[in-house]
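Hydrogens, waters and symmetry mates play no part in the numbers below; they use all other heavy atoms, side chains included. Every chain is numbered from 1, with letters handed out A, B, ... down the list of sequences.
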Amino acid sequence: MTDDISKKKPASATPIPQNIPDAFLKPYDPASTEDRIYELWEKSSPKSGYFNPDNLPERNQKGDPFSIVLPPPNVTGTLHMGHAAMLAIEDIMIRYARMQGKKTLWLPGTDHAAIATQSKVEGIIYKEEKKRRHDLGREEFLKRVEKFAQDSHDTIVNQVRKMGSSIDWSREAFTLDEKRNIAVRTAFKKMYDDGLIYRGHRIVNWDPKGQTTISDDEMVYQDETTKFYYFKYGPFTIGTARPETKFGDKYVVMHPDDTRFAEYKHGQKIDLEWINGPITATVIKDTAIDMTFGTGVMTITPWHSVVDFEIAERHGLDKEQIIDSYGKLLPIAGEFSGMKITDARGKIVEKLKAKGLLVKEEDYSHRVATAERTGALVEPQIMNQWFIGVNQEFDHNGKKTTLKQLMQNAVKKDGIKILPDRFEKTYFSWIDNLRDWCISRQIWYGHRIPVWYRTVDGKEEIYCDIEAPQGSDWKQDEDTLDTWFSSGLWTFSTLGWPDEKEFAKMRMYHPTSVLETGYDIIFFWVARMILMSTYILGEIPFQTVYLHGLVRDGQGRKMSKSLGNIIDPLDMVKKYGADATRLSLIIGTGPGNDTKLSEDKVKGYKNFANKLWNITRFVLGSTEGHTYDPNFTAWSATDTQYITEFKALLSEVTKEMEEYKFYLVGEKLYHYAWHTFADKILEESKVIFANKDTSAFADQKSRAQFLLHTLYSILKALHPFMPFVTEEIWGLLPVHKDKQHLIVENWPA
RNA sequence: GCGGGAUUAGCUCAGUUGGUAGAGCAGCUCAUUUACACUGAGAAGGUCGGGGGUUCAAGUCCCUCAUCCCGCACCA
């Protein structure tokens, strides 16, 4: 309760000193403060106020640029604690840079998140109306998705504001708005012209439920125990966990060095009896075979296995489709044609057993790939899709290179620093294993591929450009782009590119200073931004990558609906204030490590905000009659000592700010303010000020100045961490009534 | 299988050129019209996961084992 506590005081209590603003007679109340303060910053001038670098004071205009683009939250719903942590960390960096006098830009936006958003809306429509997207048609369906995306966007923007983010709303972007669409088409055309984007029949990850391709990174592997069967295959015994794919198998592969099969020669033909009758198999020798696994011999299904596909490519073998895009067997399966693979497996084994071809079966545990969004088992398929060739050599500013090399060099040579640095290793090993990136998706929500087709005299013509070609006989590709294609452009598509005039105005902010994001999207996003920026602009997208961890509950469990342990950032802001919420997400968390968060922790930092409030009340009360003198020098011996200690603390934390050790800075300032400044120095000051002897005046004067000087510095240093309460106090200090707002004050040196 | 991380007080974690173990929370004892109860003072609590090594000196460096967590790769 925030009752007027002065009521509880008897009439005889010490009179309230005159220089304490009335506000301090009640405990600090974030709820009635924060929105007002946010407006103060934002409305300080038109177009985003202090959040817009163009409106910053003179010294910032001359300062070095500092920029961060917000990792755009997906418009699939609301923000969670992970987002809140991201916003807190980035706002600390931004406010710190601004106070250092840098020309500081933090640019907001949201991500259309193609598959994620589309499947979310499909789910809702099916639940409410029992309709599928094809029942609505492309146009109507997209309208529904856009409505949903707009609502999500509005919720997200509100949440970002509530956290106190000093972000430039006048420059907000969306990965699927008109400007970003032009950027996407421009980038696509450039890659197409350079031969880096190609269309071809290659093996892709097919999601039979979502009816679309997905990228390697959109798969989750699940442990599964299944049967592993050994079948007689002519003179060999082959092992498989997927008998239903074996219909077309007519190649039997073994390692060239395997002495057990030395009598069989590469290319040798062998007649044998198989599932649906006699076939002729061909012996293939390939080093991809693991001699120690199973029997050391296998048959291959190039259409439905990445490894088999590669073997088939190497030896120029036939590839046959066995399973259709819905997960049903094709006519090649004979009597099993039309059956779902899950139903067919047992029946096929039975048949092979009946034919005497089943040697044995055993339990086998492995991991199966499922689609992250739909949960369906991923079925590799050979399909005609669009790809980015990462190993394709091309001419880049006069030098031969590949996209893979560009991505490696960005971190190896061009100075991108990844924090914590152990993730550099992760990054490199991902790139080493990188295959061509399949960028086409068979979904409707997203950037349509800027390619048009027509048939002239029975021949297909392809046209790729930013705008549609003239003539009515051209038909645009039905597919959309992988959502990460547009996200990859984010650091510069938000700064006006490809519009030359607009981009020139914002050019100074690129490369951006820091990319702050979760370690879980280092591959999805960080690597793709490096690819796009080094390829298109010939420069790195950011200088430093700061990776934060997951926010877990108090016991270290993931927050999830089923566990019921989700802490909603807005609830915390409402109950304890944004400052407390921010601090609870910062302290005790280094880069790359997961954070544990409990409501008690947030509560504790709310108390700290109130502590600052009361510290100010005490300092103002006890220094009545003293005016803040910036040039004061007649310090007492004790105060000189305190000043030395405090200055040491400030230079320590400044160094730690530069090293991104915000968890240390927050904790140290918290500890100093509460347990040194308040508990020791303020308590001691009571004695000093109580002395009525004239000989004590010098010490009192010194102490009064020390308290005022130090309080102001504490408020400044804490501002990036707790912007609301510090700004509110700052504005209430009598000496600062006409001065500038704390948000643009200088960082205390 | 390959790689990474963690293991320090009951809980959550700091501890970055090796130099006598630190904080917050919880618990315990005390204080009670105090700037602030959203408070203060105090005490207690750890053979730094086990073992070995380097060193005058190891939570910190090296080796090894154990447990837990997380990526990546997958093998028919």
## Note on the structure
Its dot-bracket string being built from Watson-Crick and G-U pairs below 3.5 Å, with | for another strand and [ ] for crossing, RNA chain B has the pattern ((((((((.[[[[.)...(..]]]]..((((.......))))......[[[[[..)....]]]]])))))))....

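- Of the side-chain N and O atoms in A/Lys686, one or more sit less than 4.0 angstrom from OP1 or OP2 of B/A35.
- Nucleotides B/U17 and B/C62 place their P atoms 15 Å apart, quoted to the nearest Å.
- To the nearest whole angstrom, the two P atoms, one in B/U39 and one in B/G24, are 13 Å apart.
- Of the candidate nucleotides B/U16, B/G24, B/A41, B/G24 has the atom nearest to the side chain of A/Tyr670.
- Listed candidates were B/G24, B/C72, B/U16. Nearest to the side chain of A/His671 is B/G24.
- If you check B/A23, B/G15, B/A76 against the side chain of A/Glu667, the one that comes closest is B/A23.
- Among B/U16, B/G4, B/C38, the nucleotide with an atom closest to any side-chain atom of A/Arg422 is B/G4.
- No donor-acceptor pair closer than 3.5 Å links the side chain of A/Arg703 to the backbone N or O of A/Asp699.
- You'll find the ring centres of A/His548 and A/Tyr546 outside the 6.0 Å limit.
- Atom name C1', nucleotides B/G15 and B/A9: the rounded distance is 14 Å, in whole Å.
- Between the side chain of A/Ser305 and the backbone N or O of A/Asp308 there is at least one donor-acceptor pair closer than 3.5 Å.
- Using a 4.0 Å heavy-atom criterion, one finds that A/Thr299 contacts the sugar-phosphate atoms exclusively.
- Not one side-chain nitrogen or oxygen of A/Lys668 sits closer than 4.0 Å to the OP1 or OP2 atom of B/G22.
- Nucleotides B/G40 and B/U47 have their P atoms positioned 30 Å apart, rounded to a whole Å.
- Closest contact between the side chain of A/Ala678 and the listed nucleotides B/A35, B/A76, B/C38 involves B/A35.
- If you check every strand for non-hydrogen atoms under 4.0 Å, A/Ser429 touches nothing.
- Taking the charged nitrogens against the carboxylate oxygens, A/Glu599 and A/Lys603 have no contact shorter than 4.0 Å, which rules out a salt bridge.
- A/Gly239 comes within 4.0 angstrom of a nucleotide base, judged by non-hydrogen atoms across all strands.
- Proximity of a side-chain donor or acceptor of A/Tyr251 to a complementary backbone N or O of A/Pro302 within less than 3.5 Å is not detected.
- The side chain of A/His675 contributes an N or O atom lying less than 4.0 Å from OP1 or OP2 of B/G24.
- Checking B/G15, B/U39, B/C38 against every side-chain atom of A/Pro27, the shortest atom distance belongs to B/C38.
- Separation of the P atoms belonging to B/U12 and B/G18 is 29 Å when rounded to the nearest angstrom.
- Using a 4.0 Å cut-off between charged nitrogen and carboxylate oxygen, A/Lys655 and A/Glu658 do not count as a salt-bridge pair.
- Nearer to the 5' terminus of RNA chain B, by closest-nucleotide assignment, is the contact made by A/Asp600 (compared with the other of A/Asp600 and A/Asp216).
- At least one donor-acceptor pair closer than 3.5 Å links the side chain of A/His304 to the backbone N or O of A/Pro380.
- Nucleic acid contact class of A/Asp308 (heavy atoms, under 4.0 Å, all strands): none.
- Taking every side-chain heavy atom of A/Lys425 into account, B/G3 is the closest of B/U16, B/G3, B/C72.
- At a threshold of 4.0 angstrom between heavy atoms, the contacts of A/Ile615 include nucleobase atoms, whether or not backbone atoms are also involved.
- Residues A/Lys606 and A/Asp594 each lie close to RNA chain B; by heavy-atom proximity, the contact nearer the 5' end of the strand is made by A/Asp594.
- At the heavy-atom level, A/Glu683 lies under 4.0 Å from base atoms of the strands shown.
- Nucleic acid contact for A/Ile238: none, since no nucleic acid atom lies under 4.0 Å from a heavy atom of the residue.
- A/Val307 comes within 4.0 angstrom of the backbone, heavy atoms only, and of no base.
- The side chain of A/Phe523 lies closest to B/C72, out of B/A76, B/A73, B/C72.
- Counting any heavy atom pair closer than 4.0 Å across all strands shown, A/Ala288 reaches no nucleic acid atom.
- Separating the P atom of B/G10 from that of B/A44 is a span of 15 Å, rounded to the nearest Å.
- A salt bridge is absent between A/Asp579 and A/Lys606; no separation between the charged side-chain nitrogens and carboxylate oxygens falls under 4.0 Å.
- Looking at A/Arg367, its side chain comes within 3.5 Å of the base of B/A73 through a donor and an acceptor atom.
- Distances were taken from every side-chain heavy atom of A/Arg617 (C-beta onward) to each of B/U16, B/C74, B/A35; the shortest belongs to B/A35.
- Note on A/Ile289: a base of the nucleic acid sits closer than 4.0 angstrom, heavy atoms only.
- Straight-line distance between the P atoms of B/C70 and B/A37: roughly 44 Å, to the nearest whole Å.
- The base of B/U16 lies close enough to the side chain of A/Lys661 for a donor and an acceptor atom to sit less than 3.5 Å apart.
- Counting any heavy atom pair closer than 4.0 Å across all strands shown, A/Asp290 reaches a base atom.
- Distance CG (A/Asp520) to P (B/G4): 21 Å, rounded to an integer number of Å.
- In the set B/U39, B/A35, B/A76, the nucleotide with an atom closest to the side chain of A/Trp674 is B/U39.
- By the neighbour-count criterion of 12 heavy atoms within 6.0 Å, atom NZ of A/Lys404 is densely surrounded, having more than that number from other residues, nucleotides or ligands.
- Remark: A/Lys232 does not engage A/Glu273 in a salt bridge, criterion side-chain N to carboxylate O under 4.0 Å.
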